[in-house]
Amino acid sequence: MFRAGRVIALFILCHAASLAASVMAPLDSIGLQPLWSASAVQQFYAERENRPIWFDAEMPRPALFSLVQFLETLGDHGLDPDDYHATVLREGLESAPNIPLPERLRNQLEWWATDAFFALSVHLDTGRAYPGRPGLDAVLMNALPQLSVLLAVAVDHDQVASHLTPRPADPAIYAGLQAALVRLEGMPEFPVFPVGTASLRPGERDPRVAQLRECVAAWERFALPETPTAEISPDDPLIYDSGLVQRVMRFQTHMGLEDDGVVGPATLAMLNTPRTRRLDQLRANLERQRWPVLEEHGRLIRVNIPAFTLAALHDGQKVWQTRVIVGRQYRPTPLLEGKINTVVFNPTWTVPTRLVKEDLLPKIMADPNFLEDEGMTLYQRTAAGSIPIDRTELEEMIATGTRPSGLGIRQAPGKRNALGRVKFLFPNNEQIYLHDTPSRQLFNRARRMFSSGCIRVEDPLVLAEFVMGDEPGWTPERMEAIISAGKTRGIRVEPVAIQFVYWTVWADAQGNNVHFREDIYDEDAALARDLARTPWEEAT
């Protein structure tokens with residue numbers, strides 16, 4: 001459902017529209033372009049006794065022209081204006097300017113305009129393809145009382161655009177994505193770097209260097225239009241010289257790659273991403289910016305999964321950022337939100353059942369010392385409780401054909417503990433949390449997909465300071481002392497909002513300095529397809 005804040009006190013502002021004496025024909029008697037929600041539109045007019053709202057005395061009201069003007073801007077939001085009847089509305093109004101329109105056409109324009117307004121009230125406010133939301137028809141029928149008031153106020157005061165303006169998660173990023181989308185739509189296809197060849201390294205002489213210059217220049221014209229590059233004619237145009245290396249390294253940084261200047265497979269894949277796919281990514285990320293966010297005044301933790309980053313925000317301003325490790329492609333980190341309410345120092349690790357079966361039992365059978373070396377205890381859950389068992393007992397079960405059941409593994413606190421020194425808990429149904437890790441070297445990788453879904457944090461004690469900032473007496477020194485003592489201790493804290501997002505593109509407010517990230521879970525293409533789908537196309 002759309003965010004309710006937009007309709008607070010609208011009943012106070014709403015006054016009765018001047019209505020034509022004529023009564024509209026019912027929907028089933030009018031030939032129409034398909035609607036997003038015929039049931040919601042029909043119910044709206046039934047409650048008005050089929051009286052028009054967009055027309056007065058057979059003439060279109062100013063708000064109808066304003067609506068058409070707004071619809072023509074939807075491309076800037078990554079949406080197709082004709083999905084919302086833009087062309088048929090415009091052509092209908094232009095067919096007989098300054099004279100009363102035929103009754104049948106007036107009725108058609110009424111239904112199209114109302115359908116567009118209702119659909120956009122949801123699509124621009126909370127997204128067109130927000131995961132897990134009921135179908136639009138159900139949402140509109142449920143919200144019809146509020147939408148009816150919203151529409152009346154927008155039409156009466158000719159404020160259609162202001163009532164449909166999105167409220168993105170980050171307004172500056174949204175504006176930047178819009179500017180980048182408009183710019184890329186006006187550009188030709190990107191040049192292509194030769195595929196299937198060896199990596200190109202700094203200082204090498206290679207005929208491909210000329211093509212590399214073309215590829216990097218095309219990207220700079222799109223992603224860095226306000227940062228002119230000083231082109232100096234090289235002594236040898238086939239040498240991969242230092243100037244071009246620096247430009248490639250900047251490209252790699254903006255793509256979240258290792259900035260080593262080597263044009264290897266990862267850099268090649270990013271260079272050769274087609275313009276059409278980049279357009280899909282921009283549209284997909286505009287859509288994600290419209291999805292509901294935790295509107296927190298105070299502290300918020302935002303994990304951007306494909307960027308492998310965690311940002312700490314206070315009143316909407318980023319105050320700190322660190323690197324994180326996310327789930328593997330076959331065990332992806334889900335999109336979640338909630339409130340961190342517990343910090344655990346020196347945590348134990350109760351290994352999820354799936355990981356016991358798929359990951360650890362094979363290691364136990366292969367290495368007699370695995371459990372002891374990792375500080376782990378193997379146990380079996382029974383009616384009488386959890387009973388510790390050793391590797392020998394496990395081998396006997398397997399040897400006699402007894403299928404081990406109810407097996408669990410718990411890892412004691414310590415240097416080998418997979419959760420490190422601290423973990424952060426928030427209620428969710430996916431058993432996902434944030435935690436430290438002893439595998440510190442993995443944070444130096446550009447692609448950090450090594451977990452089974454949980455978030456590993458590079459600077460967990462700094463995060464603990466942020467989370468426990470309102471708790472009296474919790475200084476870094478006190479935290480270190482608890483960790484040094486080695487005993488597990490859980491601390492309930494004032495809840496801090498946390499949200500996982502999947503943003504693969506962002507830019508500054510002017511659309512400059514555009515950053516892309518690898519679509520690690522293949523979500524962009526699927527979302528782009530969803531955005532291109534309409535109910536009437538699905539039905540054919």
Side-chain angles (χ1 to χ4, degrees), residues 2 33-36 63-94 109 112-130 136 154 159-190 221-223 225 273-291 503-512 514 516 524-537:
F2 66 96
Q33 184 183 68
L35 303 178
W36 283 96
L64 184 54
F65 294 96
S66 298
L67 174 67
V68 173
Q69 290 177 345
F70 181 79
L71 294 179
E72 299 290 357
T73 71
L74 289 179
D76 297 347
H77 297 275
L79 300 173
D80 184 348
D82 280 336
D83 285 354
Y84 303 91
H85 321 300
T87 297
V88 292
L89 283 167
R90 185 187 68 253
E91 290 178 350
L93 289 173
E94 292 174 349
L109 297 183
W112 286 326
T114 298
D115 184 62
F117 186 92
F118 282 178
L120 287 170
S121 294
V122 175
H123 290 169
L124 288 177
D125 197 47
T126 56
R128 177 161 160 172
Y130 182 53
L136 181 65
Q159 295 176 341
V160 171
S162 62
H163 285 289
L164 294 178
T165 300
R167 296 185 299 169
D170 189 315
I173 289 179
Y174 193 83
L177 292 174
Q178 286 185 292
L181 176 64
V182 171
R183 184 164 60 250
L184 186 55
E185 286 178 328
M187 293 181 66
E189 185 57 75
F190 294 136
R221 286 193 294 272
F222 162 60
T273 299
R275 170 180 167 275
T276 52
R277 185 171 178 188
R278 292 297 187 211
L279 288 169
D280 282 346
Q281 284 188 281
L282 287 164
R283 293 178 184 122
N285 281 273
L286 281 166
E287 165 71 4
R288 292 187 183 109
Q289 284 287 323
R290 294 188 289 264
W291 290 354
W503 296 351
T504 56
V505 192
W506 61 91
D508 64 25
Q510 289 72 45
N512 303 320
V514 184
F516 284 87
D524 285 344
L527 182 53
R529 287 193 298 271
D530 287 343
L531 292 175
R533 204 174 283 136
T534 58
W536 47 92
E537 289 170 342

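- The structure places CG of Leu531 at 7.0 Å from CG of Leu79, a figure rounded to the nearest 0.5 Å.
- Using modelled atom types, one finds no donor on one side chain facing an acceptor on the other under 3.5 Å when comparing Thr534 with Asp83.
- Sequence neighbours left out, the pairs with a member in residues 273-285 that pass salt bridge (charged side-chain N to carboxylate O under 4.0 Å, His left out) are Glu185-Arg283, Asp280-Arg283.
- Every residue meeting the side-chain hydrogen bond (donor to acceptor under 3.5 Å, both in side chains) condition with Asp524, not counting sequence neighbours, appears here in chain and number order: Gln281, Arg288, Thr504.
- Proximity of Leu35 to His85: side-chain heavy atoms (C-beta onward) are separated by under 4.5 Å at one or more points.
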- Message: Determine whether His163 and Asp125 satisfy the following criterion, side-chain contact (heavy atoms from CB on, under 4.5 Å), listing intermediate values before the conclusion.
- Response: CA-CA 10 Å; His163 285 289; Asp125 197 47; over 6 Å; no

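- The side chain to side chain contact (heavy atoms under 4.5 Å, CB included) check on Ala175 picks up nothing, with sequence neighbours excluded.
- Listed by chain and number, the residues in a side-chain hydrogen bond (donor to acceptor under 3.5 Å, both in side chains) with Arg90 are Glu72 (sequence neighbours excluded).
- Closest of all the heavy-atom pairs between Asp530 and Ala129 is CB-CB, 4.0 Å.
- Listed by chain and number, the residues in a ring pair (Phe, Tyr, Trp, His ring centres under 6.0 Å) with His77 are Tyr174 (sequence neighbours excluded).
- Using a 30° and 60° split on the angle between ring planes, Phe190 and Phe222 fall in the tilted class, from 30° to 60°.
- By the ring pair (Phe, Tyr, Trp, His ring centres under 6.0 Å) test, Trp503 is found to be paired with no residue, residues two or more places apart in sequence or in another chain being considered.
- Between Ala154 and Ala63, the shortest heavy-atom distance links the atoms O-CB, 4.3 Å.
- In this structure, CD in Gln178 is found 12.5 Å from CD1 in Ile173, a value given to the nearest 0.5 Å.
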- Message: Assess the residue pair Leu120 and Leu71 against the criterion (side-chain contact (heavy atoms from CB on, under 4.5 Å)); give the C-alpha distance rounded to whole Å, side-chain angles, the decisive distance to 0.1 Å, and a yes or no.
- Response: CA-CA 10 Å; Leu120 287 170; Leu71 294 179; 3.4 Å; yes

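- Here the CG atom belonging to Leu184 is positioned 4.0 Å from the CG atom belonging to Leu279, to the nearest 0.5 angstrom.
- Formation of a donor-acceptor pair under 3.5 Å by the Glu189 side chain with backbone atoms of Pro274 is not found in this model.
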- Worked check of side-chain contact (heavy atoms from CB on, under 4.5 Å) between Phe118 and Thr114: CA-CA 6 Å; Phe118 282 178; Thr114 298; 3.7 Å; yes

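- Between Asn512 and Arg183 the shortest side-chain heavy-atom distance falls below 4.5 Å.
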- Message: If you apply the rule side-chain contact (heavy atoms from CB on, under 4.5 Å), what do you find for Trp506 with Asn285, and how did you get there?
- Response: CA-CA 8 Å; Trp506 61 91; Asn285 281 273; over 6 Å; no

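- Going from atom CG of Leu89 over to atom CG of Leu93 covers 6.5 Å, rounded to the nearest 0.5 Å.
- In summary, of the residues considered (Trp36, Tyr84, Tyr130), a side-chain hydrogen bond (donor to acceptor under 3.5 Å, both in side chains) with His123 occurs for Tyr84 alone.
- In this structure, Gly78 and Leu286 approach most closely via the heavy-atom pair N-CD1, 3.9 Å.
- Between Ala179 and Gly511, the shortest heavy-atom contact is CB-CA, 3.7 Å.
- Of all heavy-atom pairs between Leu181 and Asp76, the closest is CD2-O, 4.1 Å.
- Note that CZ of Phe516 and CG of Leu282 are 4.5 Å apart. Values are rounded to the nearest 0.5 Å.
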